[in-house]
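Below is one structure, written out as structure tokens, with a few remarks after it.
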Amino acid sequence: MTTLERTKASSRPPRVRTIGPRARAQRTEAIALVAPALLPIIIFSVIPLVSGVLLGFTDATLARNAEVGFVGLDNFVELAGDRRFWQSFGIGVVWAGSVALLTLVSAMGLALLLNSNLRLKGLTRVLALIPWAMPPVVIAIVWRMIYNPNSGPLNGVLGWLGIPGVNWLGDFSTALPAVIVVGVWAGIPQTTVLLLAGMQSIAPEQHEAAAVDGAGAGRRFWHVTLPALRPVIIAVTALDFIWQFNSFGLIYVLTEGGPGGRTMIPPLFTYLEAFRNREIGYASAMGNVLVVAILVILSLYLINQFRQNKGARS
Amino acid sequence: MTAKRPLYATVLMYLALASYLIFLGFPLLWLLSASFKSTRELNSLAVNLIPQQWDFGNYIAALERQNLITAAGNSMLVSIVTMIVAVLLSMPMAYALARLKGRLRAAGTVWILVSQVFPTILIIIPLFLVLRSLQLNDTLFGLILVYVTFTMPFTLWMLQGYVAAIPPELEEAAEMDGAGRFTILRTVILPLLVPGLVATAMFTFVSAWNEFFLALVLIQSPELYTLPIALRSFLGAEGQTQLGPLAAGAILATIPSLIIFGILQKKLTGGMLAGAVKG
């Protein structure tokens, strides 16, 4: 039902619903099918979502018997001037953007290699999938060991080369790049599998035709593979950006946002505000700002999709 | 594609493949080797993947420490119950999403998408308050309820895909005989859906087994810790952490999901489109 139809229907006088016994039975069936799943979804997902938005307009704290009052836009006014929050927002954009783009580029390279006739493909494939199965906590633990300044292999290798060691996760300048590398490592499997699936759905005839026309591997990639993968690439990158922007566990275990807030991404900042500083209302206001940011990104993506569909049709 | 590749290109490709192998494989091998190393070796800057002395004591120490066995039991319980309940509750709705057209389907799809992009941090704050008022925070039951709800977008999405792949003609015949939706669901759809149900259930198990953030917020009592939370509590201040048992515990925590992913390797693409296995 389009908006137009709906407006028309509501402007008419209410008509008597004539619903046959068969239609009624079907509707009862539909409700019975949907209810078992819908009930928990409403209680533990939809209601918290709505109240999360509303909490942002209150001065609620974690204290059990505190009076909760609506404070209008107070939280948002305060938030606008909260330098630490905007700093974390910026770090979140850098983190999510870098991870999404670097993952895309590395996964594209890996997918191309796995799609060609090389040996060792099976082994690489298996290795590439393992990070996907690992609990994020375990991934963070492994990389903490690798980055450890006193016992980590990274500084060990630097020692061989006579280069002084670095406190990778503890140094202001290296902490963010270091966690980005971990994000990419953890993100490669998903993206590779998706790109690989996309590549395998390209008809081989397209490549053959291009090859007959004298196109080398580079040109075939640029003129055949890349355009065919465009929708997959855009979708994967947009989703990956949003997931990374919302992510929590990896950085929490790696650095807890440190040193000096250099890896403090917004969800982590919000978590600390809500559950350590116990300022639930203020933290929810932060959550609301994050939602708006994500909706903006999402609508940009959807507008792009829409334009493309339109372009394809005309 | 039999175009001849020049030698230098082949060499470059193998070099690239080798760097991927090292980048992706090294952390895994390092963890495995660390789990067998002695404390002294772990605290040195030596870069050797094969331990000088094999120390199997780390695994025993890991299991003795910090209630790791209790935590593994909690994780197992929570993951299995979540898996069963989420799949059972999702199946009828997934069927409805796949077969009944119209607004319900549109609403369901929109909700599945929304749940993928919404920041969990915004939902967890009121959710914590709801659970606290029901006295369900800091209980495994409360955690299961939340896990069931949070895995459902994924189970719904996967299952409706499996239902859509079943030809509707099979149902029409049963409908002619006067069977209702539930009879059709039980006698026609369910038997054909078994492989899909198993795959979905296994994915659900893995996402509950690996989950960290919700458990961190909802569980406070150490005896109720799930495995990821218990592992995280291993990490003390730098230098005080016992790296060997920590590595051993991390390996043990990875094994169940690794086995399941090994079994499901071929189904990964379809399953991940829903993207529920997110950090």
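A, B, ... follow the sequence lines: proteins, then strands. Residue 1 opens every chain. Computed from heavy atoms alone, side chains included, the values below leave out hydrogens, waters and symmetry copies.
Taking L31(B), T155(B), I125(B), I123(B) one by one and counting their heavy-atom pairs under 4.5 Å with chain A, the maximum is reached by I125(B). Here P27(B) is the residue among A18(B), P27(B), P228(B) with the most heavy-atom pairs under 4.5 Å with chain A. The most heavy-atom pairs under 4.5 Å with chain B, out of L55(A), V236(A), L196(A), come from L55(A). Note on E41(B), R99(B), M93(B): by heavy-atom pairs under 4.5 Å with chain A, the leading option is M93(B). The candidate from I124(B), L113(B), L17(B) with the greatest count of non-hydrogen atom pairs under 4.5 Å with chain A is L17(B). Interface remark: of the candidates L290(A), L268(A), I43(A), V253(A), V253(A) forms the most heavy-atom pairs closer than 4.5 Å to chain B. When each of L49(A), L54(A), L39(A) is checked for heavy-atom pairs under 4.5 Å with chain B, L49(A) comes out on top. Among the candidates P126(B), A96(B), G249(B), P256(B), the residue making the largest number of heavy-atom pairs closer than 4.5 Å to chain A is P126(B). Chain B forms more heavy-atom pairs under 4.5 Å with one residue of V34(A), V181(A), I41(A) than with any other, namely I41(A). Between chain B and the residues L62(A), L112(A), L298(A), the largest count of heavy-atom pairs under 4.5 Å involves L62(A). By number of non-hydrogen pairs under 4.5 angstrom with chain A, the leading residue of L216(B), V146(B), I251(B) is L216(B). By number of non-hydrogen pairs under 4.5 angstrom with chain B, the leading residue of P267(A), G52(A), S51(A), G287(A) is G52(A).
Ion pairing between a basic and an acidic side chain is recognised when a charged N comes within 4.0 Å of a carboxylate O; R220(A) and E208(A) show no such pairing.
In terms of heavy-atom proximity, G56(A) sits nearest to S284(A) at N-CB, 3.5 Å. Of all heavy-atom pairs spanning S75(B) and T226(B), the tightest one is OG-CB, 3.4 Å.
In this pair, W143(A) and Y147(A) present their aromatic rings tilted. The plane angle is within the 30 to 60° band. The aromatic rings of Y252(A) and F212(B) are tilted relative to each other, their planes meeting at an angle between 30° and 60°.
Judged by distance alone, with hydrogens and angles left aside, the side-chain atoms of Q200(A) form no donor-acceptor pair with the main-chain N or O of I202(A) at under 3.5 Å. The closest donor-acceptor contact from the side chain of N167(A) to the backbone of P149(A) lies at 3.5 Å or more, if one exists at all. Without hydrogens or angle criteria, Y20(B) side chain to S106(A) main chain gives a donor-acceptor distance under 3.5 Å. The main-chain N or O of Q116(B) is found under 3.5 Å from a side-chain atom of W243(A) such that the two form a donor-acceptor pair. Side-chain atoms of E211(B) come within 3.5 Å of backbone atoms of A215(B) as a donor-acceptor pair (strictly under, hydrogens ignored).
Contacts between Y271(A) and chain B at a heavy-atom distance below 4.5 Å involve backbone atoms as well as side-chain atoms. Contacts of I121(B) with chain A are made by side-chain atoms alone, with heavy-atom separations under 4.5 Å and no backbone atom involved. Only the side chain of I188(A) comes within contact range of chain B, with at least one heavy atom under 4.5 Å from a heavy atom of that chain. The contact between V46(A) and chain B is made entirely by side chain atoms (from C-beta outward), counting heavy-atom distances below 4.5 Å. Both the backbone and the side chain of L110(A) come within contact range of chain B, each with at least one heavy atom under 4.5 Å from a heavy atom of that chain. Residue A128(A) touches chain B through both its backbone and its side chain, counting heavy-atom pairs closer than 4.5 Å. Heavy atoms closer than 4.5 Å to chain B are found in both the backbone and the side chain of A32(A). The contact between I141(A) and chain B is made entirely by side chain atoms (from C-beta outward), counting heavy-atom distances below 4.5 Å. Of the atoms belonging to L185(B), it is side-chain heavy atoms, and not backbone ones, that fall under 4.5 Å from chain A. Looking at I260(B), neither its backbone nor its side chain comes within 4.5 Å of chain A, counting heavy atoms on both sides.
When the side-chain contact (heavy atoms from CB on, under 4.5 Å) test is applied to P131(A), the partners found at least two apart in sequence or on another chain are W185(A), P189(A). Scanning for side-chain contact (heavy atoms from CB on, under 4.5 Å) contacts around S116(A) gives L118(A), R5(B), M13(B), with sequence neighbours left out.
The distance between the ring centers of F150(B) and F44(A) does not fall below 6.0 angstrom.
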